[in-house]
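In what follows, a single structure is set out as C-alpha cells and then discussed.
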Amino acid sequence: MTTLSFDGMTVAPARAIRGSVRVPGDKSISHRAALFNALGEGEASISNFSPGADCGSTLGCLRDLGVEIERDAARVHVQGVGLHGLREPSNVLDCGNSGTSMRLLCGVLAGAGLFAVLSGDGSLRRRPMARIVEPLRRAGAAIDGRDGGRLPPLAISPVASLHGVEHRLAVASAQVKSALLLAGLFADGETEVVEPAPTRDHTERMLRAMGADLEHRGDAMRLTPGHALKCVDVAVPGDFSSAAFWLVLGVLHPAAEIRIENVGLNPTRTGLLTILQRMGANVEIEHERDVAGEPVADLVAWSSQLHGIHVGGDLVPLAIDEISLVALLGLFAEGETTVTDAAELRTKESDRLAVVAEGLSQLGGDVEATADGWRIRPSRLRAGRVDSHDDHRMAMLFALAGALGGGAEIAGADSVGISYPSFWTDLERVASRAS
Ligand code: S3P
C-alpha cells in the first residue's frame with residue numbers, strides 16, 4: 001500500500017482498514033523516565049522506551065552529561081548520578097528535533113552548577129524559548145540565547161543557587177511547567193507553578209513516585225526541595241498520540257475495524273477521545289488497567305458517521321498533539337467543524353495551523369486557517385502531492401488523508417522516525433489496497 005519514492009512516500013487509497021496495532025512507547029513518559037532517573041539515586045530499568053529519535057536525543061544529551069545508559073531494543077537502563085552528579089559536557093548538547101529535550105534539560109541545567117550549550121535542528125532552532133528562559137532567569141538562572149534568549153542555541157552558566165519562585169504561566173505548556181518544577185529541585189525555597197489550563201501531568205506523577213515533595217494547592221503545583229530522588233523502574237505505556245492516528249483512520253474509513261493495544265490513557269492526554277465522542281464516533285475502551293501509576297487500556301475504532309462540532313478552550317491543551325486530526329475529521333463530518341484557541345500549534349515542529357490547511361487543501365479539503373484554529377467544511381479528497389515540512393505528525397496526518405481519499409505523495413516522510421519509526425509498515429499492514 002505504500003512505496004518509497006525518492007524523497008517521500010506514496011500512499012494509495014485503502015479499500016479497508018483491519019487488524020490490530022501496538023504503538024511505540026509514549027514519548028513524553030520516555031523522556032521523563034530517562035531524565036528523572038538520571039538525577040536519581042540508584043538505577044532504573046525502563047521498558048517499552050520510545051524508539052523515536054526525540055527520546056534518542058534525550059539519551060544522547062544525558063550520556064554527554066556523564067550519565068551511564070545502556071540500551072537493548074526497547075529496554076533502557078539508567079545509572080542515576082543524583083541531583084548534583086552531572087558532568088560538564090565537552091561539546092554542544094544536541095537536542096535534535098526535540099522541544100521536550102531542550103526545555104526539560106534547561107530546567108535541570110539551570111541549577112546543575114555547570115556550563116552547557118543546548119542546540120538542535122533547524123526546526124528546533126526556530127521554536128520559542130523565552131517561555132522558559134524568562135521564568136528561569138527570575139529564579140536566578142544565568143541563561144542566554146539567540147535574540148536575547150528567545151531562540152536556541154541556549155547557553156547556561158553555573159550560579160551559586162536558584163530561588164524558589166511563584167510562576168503564573170502565560171501559555172498552557174507541560175514543557176514549561178516541567179522545566180520550572182525541575183529547576184525547583186535545585187532551589188533554596190518552594191517553587192509554585194500555576195498553569196492557565198491543565199496540561200499533561202507525567203512530570204508530577206513521576207517526580208512524586210521518586211520521592212519529590214510535590215503537592216497541589218488550589219490551582220497551584222508546589223514543589224518543596226531538599227528531597228533526593230530515588231530511581232524507579234518504569235513500564236512505558238503505548239503513546240496515545242501515536243494511537244490517535246489509528247483511531248481516526250478507523251473512525252473515518254467506511255470499511256474499518258481496528259484495535260490498538262496497550263495505550264496510555266492519562267486523562268491529561270485524551271482530549272481527542274472527548275472530541276471523537278462528541279462527533280459521534282464508535283470508539284470503545286477495553287481492559288482498562290493501571291501500569292506504573294498511569295492508566296492503560298486497549299482501544300477499538302469502527303467506521304462512524306460524524307457530525308461537525310466546535311473544539312476550543314481547555315480541551316485544546318488536552319489534545320495538543322492530536323488537534324490537527326480534527327481538521328481531517330471535519331472533512332468527513334456532516335456540517336461545519338471549527339477549532340479555536342489553538343494558536344500554540346504555530347509554535348510546534350512546524351506551523352501546524354498553516355501546514356494542515358495547506359496540505360489538506362492540496363488534497364481537495366476545504367480547510368481554512370484562522371488566527372487560532374481552522375474552519376473545516378465537508379469535502380471529497382482527491383490525489384495530490386503534499387509537504388510535511390519534515391514534521392512527523394504532519395506526515396502521518398497526510399498519510400491518513402491519502403489512504404482515505406485518492407492517495408497522496410508525501411514529501412518529508414522520514415520524519416515519522418521522530419515519534420513512530422514503524423508507522424509506514426503498520427499502515428501497510430492494516431490497510432488493504434483499493435485495486
Ligand atoms: C510535551 C508537551 C507538549 C507537546 C509535546 C510534548 C511534553 O508541548 O506538544 O509534544 O512531553 O511535555 P508544550 O508543552 O509546548 O505544549
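Only a predicted model underlies this, so the values are computations on that prediction, with no experimental measurement involved. Whatever order the structure lists them in is the order used to number ligands and atoms, beginning at 1.
- Using 4.0 Å as the threshold, Arg103 has a heavy atom nearer than that to some atom of ligand 1.
- Looking at Lys348 against ligand 1, only its side chain comes within 4.0 Å, counting heavy atoms.
- Of the residues listed (Val165, Leu181, Val176), the one engaging Val193 in a side chain to side chain contact (heavy atoms under 4.5 Å, CB included) is Leu181, and it is the only one.
- The atoms of ligand 1 that sit less than 4.0 Å from any heavy atom of Ile320 are 9 (O).
- Rounding to the nearest 0.5 Å gives a distance of 6.0 Å between CG of Leu93 and CG of Asp64.
- Note on ring orientation: taking the six-membered ring where Trp is involved, the planes of Tyr420 and Trp246 are perpendicular (angle over 60°, cut-offs 30° and 60°).
- Atom numbering of ligand 1 starts at 1 in the shown order; those under 4.0 Å from a heavy atom of Ala174 are 12 (O), 14 (O).
- Nearest non-hydrogen protein atom to atom 14 (O) of ligand 1 is Ser173 OG, 2.7 Å.
- Ranked by closest heavy atom to atom 12 (O) of ligand 1, the top entry among Arg32, His31, His392 is Arg32.
- Set against the non-hydrogen atoms of Thr100, the atoms of ligand 1 under 4.0 Å away are 1 (C), 6 (C), 7 (C), 11 (O).
- Under a 4.0 Å N-O distance rule, the pair Glu70/Arg75 does not qualify as a salt bridge.
- When hydrogens are left out, the protein atom nearest atom 10 (O) of ligand 1 is Asp321 OD2, 2.7 Å; that is the closest non-hydrogen contact.
- Protein heavy atom nearest atom 11 (O) of ligand 1, with residue, atom name and distance: Ser28 OG, 2.7 Å.
- Look at Arg429 and Asp426 and you find a salt bridge, because one of the NZ, NE, NH1 or NH2 atoms lies within 4.0 Å of a carboxylate O, short of that distance.
- The CG atom of Leu207 sits 12.0 Å away from the NE2 atom of His227 when rounded to the nearest 0.5 Å.
- Among Glu344, Gln175, Arg393, the residue whose heavy atom sits closest to atom 1 (C) of ligand 1 is Gln175.
- Remark: aromatic rings of His84 and Phe186 are close, center separation under 6.0 Å.
- Taking a cutoff of 4.0 Å between a charged side-chain nitrogen and a carboxylate oxygen, Glu215 and Arg222 do not qualify as a salt bridge.
- Neither the backbone nor the side chain of Lys177 comes within 4.0 Å of ligand 1, counting heavy atoms alone.
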